[in-house]
Engineer: 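Here it is, the structure, as structure tokens.
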Amino acid sequence: MLGRVPEYRNLIGGELVRADRTMDTVNPATGEVWAQIPASGAREAEAAVAAARAAFPAWSAMPALGRAHFLRKVSELFGRHAEELARLETRDNGRILRDTLKKDLPGMAYLWQLAAGQCLDAVKGDTVVLGPDTLGLTRREPYGVAVCIIPWNSPVSTFSAKAAYALAAGNTVIVKPAEQASASVLRLGELLAEVFPPGVLNIVSGLGEEVGDALVRHRDVAKVSLTGSTATGQAITRASADALKPLTFELGGKSPNIVFPDADLDAAAQGVTVNSVYTGNAGQVCVAGSRILVHRSIWDDLLGRIRRICAGLVLDDPLDLATTMGPIVSAGQFERVRSYLETAEKEGAELVFGGRAGAEVVPGLPGGYWVAPTLYTTEDNGLRICQEEIFGPVAVAIPFESDEQALAIANDSPYGLAAGVWTRDLGRAHRFVRDLESGTVWVNTYRQMPPGLPFGGVKDSGYGHDSVLEYTREKAAIIQI
Ligand code: NAD
């Protein structure tokens, strides 16, 4: 503890260490500083890379089943600490406890088990008989030091989705959590310090343009994986261009959720609101279905249902299990969302509910960053609020009249992360799965992201996806007998 608030430290070389500087971390529900986290810079980046580099030979030489043993220990640890980590994360980033405790954290024990089971995949190669006396074979090898940069909206889940697979493949890892919400990952680091040999897993918190950039540029970092915004993906591409580093990017989105008249409208109304752009972390999820495309024949009916569902949402303390929608993560993000509410007005979008008046909602928690659920309508998918990621509880409904028009509007986006289709027509469902420019398509469901299926995007939403093989490279050998 430092003064009144807890202080979290970096994990470097198996030690919990202070950085030269610290920064505040704020509870977004109240606006209060509740902890201090390291504001790491070039020195800490250098130390983390040195530790990871030193640990690489032994970790990568370990038989795959040996690495699996360590990953299973992490899985067991999640079994014991899930509730503590869920509460911490909710306090830190405002994601409602209903989600962190009931959905996110329970899945982590399974994810680390799955990664443990995949350690062998990372060392499987092919044998090709090239002739009676000539044998070809392939080897999969880890890159070396892998840097995993994560956002603030689901820190422990994103940490796990990257670190588990990178470690399974035999890389040593440095995780850089986001400056807005690092506490749950740093606490996890305290627990993991007891699990891995020193230097195998390192965690350094700090600003993206400081420690993040220093890690990306470091000559001994062989692989970079980012989950974050498109702008950060572009900055990392530029910073790593000279060294031609292999990159994995899971980036932003502006996902369409398309509702046809033959859909189960109860399920569709729930799907486009509750599990998507509103209760889904107050819209702060990459796959938020922030464009709701509605067939004109069911326009009034569906919008009425959405309105009724949103009127019943409970905006309150995210640590209360009765709360169904939490705050915006930070003052900066709050201002960004508000600016889009102004943009919507200027662009002439029609407000159905929420809007600027709802951006000051302070439900008994003065000082927090609250925006009420907001819905606009427009006929023009070219508006900025239809093209740009807002990352808040703000959706736009757009009418369509034919399958062709729905598809054209859906694909008219710089992004291609996810899409939802609500229909009972099997042929239409398959045609949209085929034709939507999107990394994931959900049919009659939304935001199911089971580990084991690829999750990534196309266009400005990135390329590649976290998996064991993504953290390996292939070598060929030709052997003349
Ligand atoms: P962000 O891009 O601002 O930050 C993400 C991470 O990158 C943070 O750790 C940040 O410190 C770091 N960073 C920033 N600039 C950097 C630089 N120049 N060099 C190295 N690191 C740098 O994103 P955010 O605001 O934290 O998160 C929201 C964004 O993340 C949204 O666009 C959202 O769609 C996206 N996201 C995508 C997925 C996905 O799986 N596709 C999941 C969650 C969030």
Engineer: How long is the gap from CG on Asn171 to CG on Leu201, to the nearest 0.5 Å?
Structural biologist: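 If we round to the nearest 0.5 Å, Asn171:CG and Leu201:CG are 12.0 Å apart.
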
Engineer: If a pair satisfies side-chain hydrogen bond (donor to acceptor under 3.5 Å, both in side chains) and one of its residues is in residues 107-123, list it, with sequence neighbours excluded.
Structural biologist: Trp112-Ser160, Asp121-Lys124

Engineer: Answer yes or no: is there a donor N or O on one side and an acceptor on the other, between the side chain of Asp317 and the main chain of Leu319, under 3.5 Å?
Structural biologist: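 Side chain of Asp317 to backbone of Leu319: a pair is present.
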
Engineer: Between the main-chain N or O of Val156 and the side-chain N or O of Glu89, is there a donor-acceptor pair closer than 3.5 Å?
Structural biologist: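 Pair found, side chain donor or acceptor close to backbone of Val156.
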
Engineer: Report yes or no: do Ser40 and Asn10 form a side-chain donor-acceptor pair below 3.5 Å?
Structural biologist: yes

Engineer: Below 4.5 Å, heavy atoms only, C-beta onward: do Trp442 and Met449 meet side chain to side chain?
Structural biologist: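 The answer is yes, as the side chains (C-beta and beyond) meet within the 4.5 Å cut-off.
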
Engineer: Quiz question: by atom type and distance under 3.5 Å, do the side chains of Asp92 and Trp34 form a donor-acceptor pair?
Structural biologist: yes

Engineer: Which heavy atom of Phe56 sits nearest to which heavy atom of Gly144, and what is that distance?
Structural biologist: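 In terms of heavy atoms, the two residues are closest at CE1-CA, 3.4 Å.
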
Engineer: Got a second to check how far Tyr446's OH is from Asn257's CG, nearest 0.5 Å?
Structural biologist: 5.0 Å

Engineer: I want to check something: taking the side chain as every heavy atom from C-beta on, are Met325 and Pro393 in contact at a cut-off of under 4.5 Å?
Structural biologist: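 With C-beta onward as the side chain, the pair touches.
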
Engineer: For the side chain of Trp59 and the backbone of Phe196, is there at least one donor-acceptor N/O pair under 3.5 Å apart?
Structural biologist: no

Engineer: Heavy atoms only: give me the nearest Arg95-Val285 pair and the separation to one decimal.
Structural biologist: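 Reported closest heavy-atom pair: NH1-CG1, 4.0 Å.
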
Engineer: For Tyr471, what residues pass the ring-ring contact (aromatic ring centres under 6.0 Å, His included) criterion, not counting sequence neighbours?
Structural biologist: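 ring-ring contact (aromatic ring centres under 6.0 Å, His included) list for Tyr471, sorted by chain: empty.
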
Engineer: Can you list the residues that meet the salt bridge (Lys or Arg N to Asp or Glu O under 4.0 Å) rule with Glu76, with sequence neighbours excluded?
Structural biologist: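 So Glu76 forms no salt bridge (Lys or Arg N to Asp or Glu O under 4.0 Å) with any residue.
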
Engineer: Working to the nearest 0.5 Å, report the span between OG1 of Thr138 and CD of Glu474.
Structural biologist: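 Thr138 atom OG1 to Glu474 atom CD measures 5.0 Å (nearest 0.5 Å).
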
Engineer: Please confirm whether the backbone N or O of Val314 pairs with a side-chain atom of Thr324, one donor and one acceptor, at under 3.5 Å?
Structural biologist: yes

Engineer: Return the minimal non-hydrogen interatomic distance between Ala418 and Pro256, and the atom names on each side.
Structural biologist: O-CD, 3.3 Å

Engineer: Do Arg9 and Glu15 have side chains that approach each other closer than 4.5 Å (heavy atoms only, starting at C-beta)?
Structural biologist: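 The answer is no, as the side chains (C-beta and beyond) never meet within the 4.5 Å cut-off.
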
Engineer: If you apply the rule side-chain hydrogen bond (donor to acceptor under 3.5 Å, both in side chains), what do you find for Gln180 with Ser330, and how did you get there?
Structural biologist: CA-CA 7 Å; Gln180 297 87 346; Ser330 64; 5.1 Å; no

Engineer: Are the side chain of Ser184 and the backbone of Leu88 linked by a donor-acceptor contact shorter than 3.5 Å?
Structural biologist: no

Engineer: Residues two or more places apart in sequence or in another chain: which of them pass salt bridge (Lys or Arg N to Asp or Glu O under 4.0 Å) with Arg384?
Structural biologist: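 Arg384: salt bridge (Lys or Arg N to Asp or Glu O under 4.0 Å) contacts with Glu388.
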
Engineer: Taking the side chain as every heavy atom from C-beta outward, state whether Leu341 and Thr374 have any pair of such atoms under 4.5 Å apart.
Structural biologist: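 Result yes, sub-4.5 Å side-chain heavy-atom pair found.
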
Engineer: Compare all side-chain heavy atoms of Phe70 with those of Pro197 and state whether any distance is below 4.5 angstrom.
Structural biologist: yes

Engineer: So which atom in Ile385 and which in Lys254 form the shortest heavy-atom distance, rounded to 0.1 Å?
Structural biologist: O-NZ, 2.9 Å

Engineer: Using modelled atom types only, decide if a donor and an acceptor are shared between the side chain of Thr90 and the backbone of Arg87 within a distance under 3.5 Å.
Structural biologist: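 Such a contact is absent between Thr90 side chain and Arg87 backbone.
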
Engineer: When rounded to the nearest 0.5 angstrom, what is the spacing between CD1 in Ile390 and OG1 in Thr343?
Structural biologist: 8.0 Å

Engineer: I'd like to know whether Ser205 forms a side-chain contact (heavy atoms from CB on, under 4.5 Å) with Glu179, so could you lay out the CA-CA distance, the side-chain angles of the two residues, the decisive distance to 0.1 Å, and finally the verdict.
Structural biologist: CA-CA 7 Å; Ser205 84; Glu179 47 272 40; over 6 Å; no

Engineer: Assess whether atom CZ of Arg43 is packed by more than 12 heavy atoms of other residues, nucleotides or ligands within 6.0 Å.
Structural biologist: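 Yes, because the 6.0 Å sphere around CZ of Arg43 holds more than 12 heavy atoms from other groups.
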
Engineer: Between Leu215 and Lys245, what is the shortest heavy-atom contact and its length?
Structural biologist: O-NZ, 4.5 Å

Engineer: Can you find a pair of side-chain heavy atoms, one from Val123 and one from Arg67, that are under 4.5 Å apart?
Structural biologist: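 Yes - at least one pair of side-chain heavy atoms lies under 4.5 Å apart.
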
Engineer: Start with the C-alpha gap between Ser225 and Lys162, add the side-chain angles, then the distance that decides, and say whether side-chain hydrogen bond (donor to acceptor under 3.5 Å, both in side chains) holds.
Structural biologist: CA-CA 8 Å; Ser225 166; Lys162 293 189 186 303; 2.8 Å; yes

Engineer: Any donor and acceptor pair, going by atom type alone, linking the side chain of Asn411 with main-chain N or O of Asp435 inside 3.5 Å?
Structural biologist: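 Yes, because the side chain of Asn411 sits within donor-acceptor range (under 3.5 Å) of the backbone of Asp435.
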
Engineer: Indicate yes or no: at least one non-hydrogen side-chain atom of Val185 is less than 4.5 angstrom from one of Tyr8.
Structural biologist: no

Engineer: Please identify each residue that fulfils salt bridge (Lys or Arg N to Asp or Glu O under 4.0 Å) with Asp220, with sequence neighbours left out.
Structural biologist: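 Expected list: Arg53.
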
Engineer: Please round to the nearest 0.5 Å and tell me the distance separating atom OG1 of Thr172 and atom CG of Asn202.
Structural biologist: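 One gets 7.5 Å once the value is rounded to the nearest 0.5 Å.
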
Engineer: Does the Ser461 side chain pair with the main chain of Gly416, one donor and one acceptor, at a distance under 3.5 Å?
Structural biologist: yes

Engineer: Using modelled atom types and a 3.5 Å cut-off, is there a donor and acceptor pairing between side-chain atoms of Ser240 and backbone atoms of Val216?
Structural biologist: no

Engineer: Does Leu417 reach the side chain of Phe455, with side-chain heavy atoms less than 4.5 Å apart?
Structural biologist: yes

Engineer: Which heavy atom of Pro155 sits nearest to which heavy atom of Asn93, and what is that distance?
Structural biologist: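 Scanning both residues, the minimum pair turns out to be CD-ND2, 3.5 Å.
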
Engineer: For Arg18, is there any backbone N or O sitting under 3.5 Å from a side-chain donor or acceptor partner on Glu7?
Structural biologist: no

Engineer: Rounded to the nearest 0.5 Å, how far does CG of Leu114 lie from OG of Ser75?
Structural biologist: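 One gets 10.0 Å once the value is rounded to the nearest 0.5 Å.
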
Engineer: Mind jotting down which residue pairs meet the side-chain hydrogen bond (donor to acceptor under 3.5 Å, both in side chains) criterion with at least one end in residues 283-293? Sequence neighbours excluded, please.
Structural biologist: Arg291-Asn381

